[in-house]
Amino acid sequence: MSETAAKAPGAPASSGDANRWKALVFIALAQLMVVLDATIVNIALPSAQTDLGISDGNRQWVVTAYALAFGGLLLFGGRIADLWGRKRAFVIGLTGFAAASALGGAATSGAMMFGARALQGVFGAMLAPAALSLLAVMFTDAKERAKAFGIYGAIAGGGGAVGFILGGVLTEYLNWRWTFFVNIPFAIVAALGAYFVIREPEGGRNRNPLDIPGVLLSTLGLVSLVYGFTRAESDGWGDATTIGLFVASAVLLIAFVVTETRVKAPLLPLRVVTDRNRGGIYLSLGIAIIAMFGTFLFLTYYLQAIKGFSPIQTGFAFLPMVAGMMIGSTQIGTRLMTRVPARMLMGPGFLVAALGMLLMTRLEIGSSYASTVLPAVLLLGLGMGTAFMPAMSLATLGVEPRDAGVASAMVNTSQQVGGAIGTALLNTIAASATTSYIKDHIATATSKSQQQLVQMEGAVHGYTNAIWFAVGMLALAAVIVVALVNAGKPEATTVASGDGVADEVAIPVVAH
């Protein structure tokens, strides 16, 4: 950590860049665009598949092409932000993402669509860590940092649910192509605002030469890992290619870690992840996202396939969760973060979210939205919002300015990998439970209507089995936080920055 300098008694708190709150608007807008894109395209996928003549076997590539590029290049994107400057990487990422979105919206074939989605992932991998690291270096006062990360955390957590609404509206009333075109105004406004408003602090760049072996090993390792889970979902865990991808991923990532201990300027300095607080944050966030992504998926299936909700109705059904996230992140988290240690927010937050998941295990065909789903999504949103806010802040707190981009990339990497694992793992659990239920009960169904009823009951049984697993994941995340995260409440301390100028930053006090 940088050398601590004494703060003069009575010295005013550093106000930082006067435009930092305006900058937050454009950073949050860019984050919203990236998070929305993760779910908005899923709603439009059936229509796009029909129009472009994409086969059932290839349709997964609309999602997979993006996930592979985004997940595989995040560490590289974070390092580019540290090397080029976060503002420059942010604007380039936005511009490229807009161009890729225009290409996707204008797609005339499956191949063109897959290419556009891969390009979105490439530029998203540059954009996402640049956005988070800009917040880390611009907001240094403890209370202001809490507010800024509260807003960012609420958007990161709730934006996906908003994507269901927007995707449903655009697909139903306009055309699936608008789920891509809608990114363009978001990106233009955010890029122009960032160009004219953001003033990145000097002296925080990492100008060391790029660690090419680290880039290749980390990218190939993460791509193999994400693709392995994607294939496991479609082809099974025993598939030879799936197993080969997991083995290759393990070998490549171990080689990456060994390489990082030996090169002079590593892509991922191990000091970023070996800190017990940051390591605990990355691990607990990844595990919590496993639970959350699976729940999004199953609740969407339940509301549409079992309850007969339209895409728009399904989107609005998620709104209480968004409200809960906003309250948890901007009210509870922001108000308490400077008063209590982070683990006292994150641990209970994950447990409240687990309680919401627990309510969802009671889902049946005849369950009402108001009595079962509504309280469950409210608790889930409240808990995740409360936990996300201090997690986002602590994940980049105390890192050297030159490492801010890579530390931010690790947050996104844990979420991206967690999402890939969650979708594949929970889908497998649900499918297995559904198959077993139908096999045991279909013999008693003597009519077509009874057989349909058994199939619907089997589907709900599969969802609830998978949600039980998600409850366990959130409980595990809470345990990890309590065991590893020992940072106390942030306190304002003046620290020498990379250019030798003293900057006031919030340093967590380690609890004894």
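The 12-atom threshold is not exceeded at CZ of Phe316, counting heavy atoms of other residues, nucleotides or ligands nearer than 6.0 Å.
Annotation: ring-ring contact (aromatic ring centres under 6.0 Å, His included) contacts of Phe97 (sequence neighbours excluded): none. With sequence neighbours left out, the side chain to side chain contact (heavy atoms under 4.5 Å, CB included) criterion links Pro348 to no other residue. Under the side chain to side chain contact (heavy atoms under 4.5 Å, CB included) criterion, Pro213 pairs with Asp211, Thr259, not counting sequence neighbours. Partners of Ile480 according to the side chain to side chain contact (heavy atoms under 4.5 Å, CB included) rule, which considers only residues two or more places apart in sequence or in another chain, are Leu283, Ser284, Ile287, Leu476, Leu484. Listed by chain and number, the residues in a side chain to side chain contact (heavy atoms under 4.5 Å, CB included) with Leu29 are Phe186, Val189, Ala190 (sequence neighbours excluded).
Atoms CG and CD1, from Leu217 and Ile212 in turn, are 11.5 Å apart once rounded to the nearest 0.5 Å. In this structure, CE in Met292 is found 5.0 Å from CE in Met321, a value given to the nearest 0.5 Å. To the nearest 0.5 Å, atom CG of residue Leu252 and atom OG of residue Ser224 are 5.5 Å apart. Between Leu127 atom CG and Leu74 atom CG the span is 10.5 Å, to the nearest 0.5 Å. Taken from CZ in Phe180 to CE in Met113, the straight-line distance is 4.0 Å, to the nearest 0.5 Å. Distance OG/Ser249 to CG/Leu222: 7.0 Å, rounded to 0.5 Å.
Counting only heavy atoms from C-beta outward, the side chains of Leu94 and Met33 approach each other to under 4.5 Å. Counting only heavy atoms from C-beta outward, the side chains of Leu374 and Leu378 approach each other to under 4.5 Å. Counting heavy atoms from C-beta on, the side chains of Ile281 and Met346 come closer than 4.5 Å. Phe350 places a side-chain heavy atom less than 4.5 Å from the side chain of Met384.
Screening residues 183-195 for side chain to side chain donor-acceptor pair (under 3.5 Å), with sequence neighbours left out, gives Asp37-Asn183, Ser101-Asn183.
Of the listed residues (Phe90, Phe76, Trp84), just one forms a side-chain contact (heavy atoms from CB on, under 4.5 Å) with Met126, and that residue is Trp84.
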